[in-house]
Structures are given as structure tokens and as C-alpha cells.
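Report on the structure given below.
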There are 2 protein chains.
Amino acid sequence: MSENEFIFSDRILKSNRSFIREILKVTSQPEIISFAGGQPDPDLFPLEELRTASELAFQKHGSQLLQYGISEGYTPLREKIFERYYKNINYPGLSPENILITTGSQQALDLIGKIFINPGDPILIERPGYLGAIQAFSLYEPFVIGIPLEDDGLDIVVLENTLSKTNPKFLYSNPTFQNPTGKTLSVEKRRRISEVLRRENCIFIEDNPYGEIRFESKTIPSIQSFYPERTISLGTFSKTLSPGFRVGWVCAPKEILDKLLIAKQASDLHSNILSQIVLNEYLNRYDLDLQIDKIRNSYRLKKESMEESLKKYMIDFADWVSPKGGMFFWLTLKNEMNSMKLFEAAIANNVAFVPGNPFYTGTPEINTMRINFSHSSIETIERGICRIGESIQKLSAISV
Amino acid sequence: MSENEFIFSDRILKSNRSFIREILKVTSQPEIISFAGGQPDPDLFPLEELRTASELAFQKHGSQLLQYGISEGYTPLREKIFERYYKNINYPGLSPENILITTGSQQALDLIGKIFINPGDPILIERPGYLGAIQAFSLYEPFVIGIPLEDDGLDIVVLENTLSKTNPKFLYSNPTFQNPTGKTLSVEKRRRISEVLRRENCIFIEDNPYGEIRFESKTIPSIQSFYPERTISLGTFSKTLSPGFRVGWVCAPKEILDKLLIAKQASDLHSNILSQIVLNEYLNRYDLDLQIDKIRNSYRLKKESMEESLKKYMIDFADWVSPKGGMFFWLTLKNEMNSMKLFEAAIANNVAFVPGNPFYTGTPEINTMRINFSHSSIETIERGICRIGESIQKLSAISV
């Protein structure tokens, strides 16, 4: 019997493997300098602190570490997340009960798709937008509408128009140091977008994995703080402490959280308890802000170094907006150079990035690309950008 | 603005919170003896061994413990799972590549629903069946058809008839020490069912969380061993080592595994790495079979003790089939006594169980109930069964 006879669901037949995760396999050879992933710098993980926290967890919690837990997540951790991130949101009754721990914020995206999207429902997402969100939502077969990004974030005119025409289930955005573009929605636009969303009764999904990885001192108020009644806020420890722990969270109005909880129970019962308790012990004992300062300082230097190299090797070939935080540069290649072709040339020259295509739903802008600066050393960054510059020159020479 | 205006997906509007997880909240007061959950005995967790394994993991793996991992799962763990459970399956090319690590086997159920079920698709499941599977699949809106259980498992005549009439996407079954009934499909029936399934080209989902928790010496061959080409096998470390780690797995033909992997990437990128590596270190250093022997011996005694108490306090009120493994007794109350009413009376008498209703899709058999013997001590078991007996007598007195 041929295996080809399996009859799969329509939703999965329309889906492809994650392009980035496939790229990561190609780029795992040691000779390749990879700016493709979105991984944190492993040298900045608080390894010794988490090891101590893990020892404390085993000492203090015994078999609780190993037993089934509640679907909502470990209560002391939910309380700490609330205190740190949501205490000052002006929304009556908001409490740690509004926090649900998820298996990374990727799971939050999946659960949101599950509880909101009927096939064909319109949803709005930044264009280009976060690939993981596109993948998670797509499996629920929505009609995805991209809202273009300007240098200071979402295009409000297009947004307003689209909202009133399509009545979407929600707008998903990564407004601070966006993945993939590194762009940040300005404070003024945050206010205005909140008003527009409120007028249209539209749910807003504020995905904020990078907000704390900022290179300037002043914090940016969340859209949730202007529009708490219909914002679903997503957070994670993946960029600050450990992605491997897969501990993220959702903060949402109670009625939404109740539905997310039903979906969570059906999806994995609850998230890993050991890691939740280890993180809670870490937060009891150490200062997360010091850890974040370390990351900020390091990534700021890496970002500056990458920008210097970009100026040195690629100023004639690409444009970019200098990111004020996060992990990525987004390049627009001049002369409509195709970044997929550049990718092939670059791999041949032992350097990798992610072509822009997978970040677009609908027609991609084929001359865009994402390069990560958090994962490589400063020396490697210069060498890698130099190699990309070489590949562009080679490719230009062929085209001429 | 009222929160009631959120517009959810049809699938979630049809779903309820997990009845069992809600019961577990009610029964968490210390004065209540609870036979409701399906938790392992925490005294049998290999706490010291896992603590050592955790120390080794931090010593040996450093930042790899904390970084993003591959969606397939930690390779050495996949290899060990393959060696232990699938090496002898006679299917060409079956290898560790056919194993996908999931966030508990609950996630495997969700992913299977995602890749196979279009709304309205018929699927077959034991009647009564595992609640977590019913919940996971239901969110993909299948047409669920229950296949009744006989004392030696699935009713083959009904199965054969239903298969040819409905052409279902799959048959889901928990053939060994089933949750909730504790029943086991006989070897002879396994053979026959495999033939029937092969004839009808039907995918079989063999969920086997309890297979190793057997009270008799002889092992029972899996249905997968007779029908490897279309069986998806689910396993977990939740009943043998730790449910809190949320480490389960799927073993499936390559084409199915590829689709599961796409769904996995969209659902949570990958499962917790720390726990995968800790489990792998545990398996490197300790003998899982000794751990399982400990569990078997303890649960066998508990099961015998519960059966003695059932004979002492409930022989006039209920029938049951003595389970040969697993964690549960399934009772059929005599005189059509309603187990939901008994549940209320029992809670008032400080003892809890799960009424049979939630394990049925369609019309339930209202005089059934599940009682767990793994989680309570032997002394508690006798006291608790005595209290259930008292509650039945009280309820019978009222009805008369």
C-alpha cells in the first residue's frame, strides 16, 4: 500500500513546513555564518542562576515539580507576571486570574486562532508580519489581510479603511521592535490606533516578545494600556531568560481567558511545571532587570556593529531603518534585487539570512530580507555582512 | 462596553471546560477523599533520580538546555524511545525519525485532530472513551461515532459495520487498561481488528499511556505490531516518570509524521527542552524497568485493596470488570442509579469520583462511574469506598 493514500485535513494540505525552521537545518553546518534564526545569544543565558533556581526547585517543591498541574499555570508565577507587566493597566478587576501560562507564546497564537477563527473569517496582520503568527492562524483558515507598515509602524489610513470594510475578528500586531522589520509603532500612533479599534469594536492582539530588549532608555506604553477592554497581550520569557523552557503567557479579559483555557486544556492540559517553578525561583532570587540590562547592552553593541558593517559593505545595495530594540535588521535591496536568489548565492558564500517572502501573506516584496544580530559575535557579524556584500556584487555582476 | 460582545469561533462555543479538571478543583479540599483524578502516586516519582539527572543536565549541556530546540524533539531521547518501544515493529524503514516528541500525549491528540479532521468528518472512538481525546478532537468538529466496548474491548461486529458504512478518518482507541473502563482488548481481537482496519484502509490511533502499568507478567502485543502501515502510536512518560514534564510522543509513518511536524511548529515550535534532556539523562543512568516494577507492585496492591473494599461495601450496588493494569475501576451501578446524583451525595460525604457521563459522546449510560486507585493510599482507599457505599445507601433510601 502506498502511503500517499492518507487523507489529511484541508487546513494541513494548505500548510508548509516553517521556512525558517527548514533554513535553520541548512544553516547548521559550522562553516556557515547564520543571521537566519531569531535565537538569543546563548552566552547571555543566566545559566548558573537557572541552575541554582533548579536546585532550589527540587529542594523546596519535591514531587509537586513532577505531578500534573493546573491548566492556568503555576499561580506564583502568574502573580509575578501580573505584578511586573500588568499591575498598572487601568482596567477594572484585572488580576493574576487574567494570566494564562502557555507553552511559549507560539501556543498563545494557536489558542487564539482556535477560539476566534472560523474558516473564511477576515483577520488583519502587519505586512510583513511575524511568520509564526501567520502559520498558527493559517491553520484555522482565515482570510488574512495585510496592513502595510510605515517606518513608524502600521499605516493608520489603510487600517481604518480595512477595519470598516471587513469587520475582522482581530488585528494582530507586534508593535515594538517588530519581527521581522525591527520597526516600532510610535506613541502617537498607538493612541490613534486604540481609538480606531475602539470605534470598530475590534480585538487587538499585542504580541510583545521584544519590548524589554530596547536600546534607548525610555519605555513605550503598550496599546493595551490605551485599550485594555479588547486587547489580548502576549508575553514570553524566551528572549530574556530561556526559549527552551517554552514559558509564555497571555493576559486577556476574563471572558476571552475562559475560552483560551478550554482550548489550552484540549491542547496540552498544562505547560511544563518544572520550568515554571524554576523560573519562579529565579524571579524570587535574582533581579530580572539586571539580566535584561546585560542583554540590552550586548545587543545594542551588536546592532551598532552590524549597522557599521552594513554601511561599510552594503550601503550601495540596500536601505534599512535602524531598529531601536529587538533582534533584527530588515533590508530592502536596491534595484529590485531578488532576495531568494541572493539567499542561494549567500549560502554558497557560507552566510545565511531569511529572504522576506515568508513574512508576507499574498504577494511578497521580493527584494526584502531579515538579518538577525542577537545570535552572532561582533567579529562574526562583520565577516558575515562582508560575505553578503560579496554575494550581492557577484549576483549584480551576473545580472549585468 | 460589555465583554459579552466578543465573537468566538463556532468550535469553541460548542466546547465546555474539562469536567474532570473542574471536578479536581472542587475536590482539592483536604477533607475530601478523591478518586476523581487520573494522577500517579507522587510518592512513586523517582524524585532523587530526576534531581540527579537534572544536575547532570546542567553540568553536561549548559546553554543547550535553555536555547530553542528542533521541533522533532531531542534526538537522543527520540532514539531511546525508538529502541525501547518500536525497534521490533516490522515496518520497513521505521526509525527514530518516525518519532515526534509532543507536549504530553494530549498534544499528540490535538495535532492529530488538526491534520486529519475537516468539520463533519466521521471519526470512531470507544464508547465510553478517553475524555481528553474527545475534547481534543471535538475542537475540530468531527462527527464522532462511538463503538461500544465489551469486556474484552471493542465490539468487532459494530466496528466492522460502522467502518464500511461511514468511511471514518480514523479509529481512536486506548486498547490496554483503557481510560475510563480499565478494559483490555484481547490479543485475538487485536489480530482481527487489524485485519478489519486493513481491509477498510482505516487509520488506527493506538493511545497507550498505561500499557506498562500491568499487573500480570505477560505483555500484550500492540495493534501497531499487526498493522504498522496505518497505525499512529502514542506514548508518554506521564504515568511512569512525571506528568508535570509534559513529555509524550507519537510514532507514525513518515508521511503522517511530516504533517504532524508542520502542525507542531505552528502549535508550540517545540516541547520543553530542559525536561527532554533531564529524561534522557535519567534514562542514561537509571533503569526505567525498575521504576516501572515499583509502580506495578504498588498499583497492584492498591487495585487489590480497592477491589476488596468494593466487594465489602458495594457488591450489592455495582458491577465491575477487574482491571489487569492501569489506574481505574469502572463501575456500573445497579437499578439504574444515576451516578451524577451519587456524585453530589458522595461530595457531601467527602468522597469524589468521576460520573460516567463525560466519557460518552451522545447519550451517556448514566449509571456508570470511574474510580481511580493509583493516587490514594491503601488506608484511604478503604475509607473512601466505604463512604461511597454509605452515599449509595443514603440515596437508595431516599428513592425508595
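Keep in mind the model is a prediction, meaning the values are calculated, not measured. Below, chains carry the letters A, B, ... as their sequence lines are ordered, and counting in each starts from 1.
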Counting heavy-atom pairs under 4.5 Å to chain A, which of [options] comes out on top?
| options | answer |
| --- | --- |
| B:Glu55, B:Lys169, B:Glu48 | B:Lys169 |
| B:Gly132, B:Gly62, B:Ala108 | B:Gly62 |
| B:Gly113, B:Ser63, B:Gly244, B:Ser271 | B:Gly244 |
| B:Ala133, B:Ser275, B:Gly248, B:Gly104 | B:Ser275 |
| B:Leu261, B:Asp43, B:Leu50 | B:Leu50 |
| B:Gln39, B:Gln107, B:Arg51 | B:Arg51 |

Pick one of side chain, backbone, both or neither for [X], based on which atoms fall under 4.5 Å of a heavy atom in chain B.
| X | answer |
| --- | --- |
| A:His61 | neither |
| A:Glu72 | side chain |
| A:Ile115 | both |
| A:Ile203 | side chain |
| A:Gln59 | both |

Does any part of the side chain of [Y], heavy atoms only, come nearer than 4.5 Å to the side chain of [X], both counted from C-beta?
| X | Y | answer |
| --- | --- | --- |
| B:Gln265 | A:Gln106 | no |
| B:Phe8 | A:Glu255 | yes |
| A:Arg246 | B:Tyr68 | yes |
| B:Arg230 | A:Phe6 | yes |
| A:Phe116 | B:Arg11 | no |

- Message: Less than 3.5 Å apart, any donor N or O on the side chain of B:Ser54 or A:Ser54 sitting next to an acceptor on the other?
- Response: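 The answer is yes; a qualifying pair exists.
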- Query: By a 4.5 Å heavy-atom criterion (distance strictly below it), what part of B:Gln276 contacts chain A: side chain, backbone, both, or neither?
  - Reply: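 No part of B:Gln276 comes within 4.5 Å of chain A.
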Most chain B-contacting option - heavy-atom pairs closer than 4.5 Å, from [options]:
| options | value |
| --- | --- |
| A:Ser138, A:Ala266, A:Pro119, A:Pro243 | A:Pro243 |
| A:Ser267, A:Pro42, A:Ala57 | A:Ser267 |
| A:Leu109, A:Asp258, A:Thr102 | A:Asp258 |
| A:Gln64, A:Gln135, A:Lys114 | A:Lys114 |

- Task: Give me the one residue out of B:Asn118, B:Asp121, B:Ile117 that meets side chain to side chain contact (heavy atoms under 4.5 Å, CB included) with A:Ser9.
- Result: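 Considering B:Asn118, B:Asp121, B:Ile117, a side chain to side chain contact (heavy atoms under 4.5 Å, CB included) with A:Ser9 is found only for B:Asn118.
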- Heavy-atom closest pair, residues B:Leu66 and A:Leu47: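 Of all heavy-atom pairs spanning B:Leu66 and A:Leu47, the closest is CD1-CD1, 3.8 Å.
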- Item | Heavy-atom closest pair, residues B:Lys259 and A:Ile12 |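 In this case the closest contact between B:Lys259 and A:Ile12 is O-CD1, 3.8 Å.
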- Using modelled atom types only, decide if a donor and an acceptor are shared between the side chain of B:Gln67 and the backbone of A:Pro40 within a distance under 3.5 Å.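 Pair found, side chain donor or acceptor close to backbone of A:Pro40.
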- Item | From CZ (B:Phe245) to CG (A:Asn272), nearest 0.5 Å |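 With rounding to 0.5 Å, CZ (B:Phe245) is 7.0 Å from CG (A:Asn272).
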- Item | Salt-bridge present (B:Asp110, A:Lys264; N to O < 4.0 Å) |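 No, this pair does not count.
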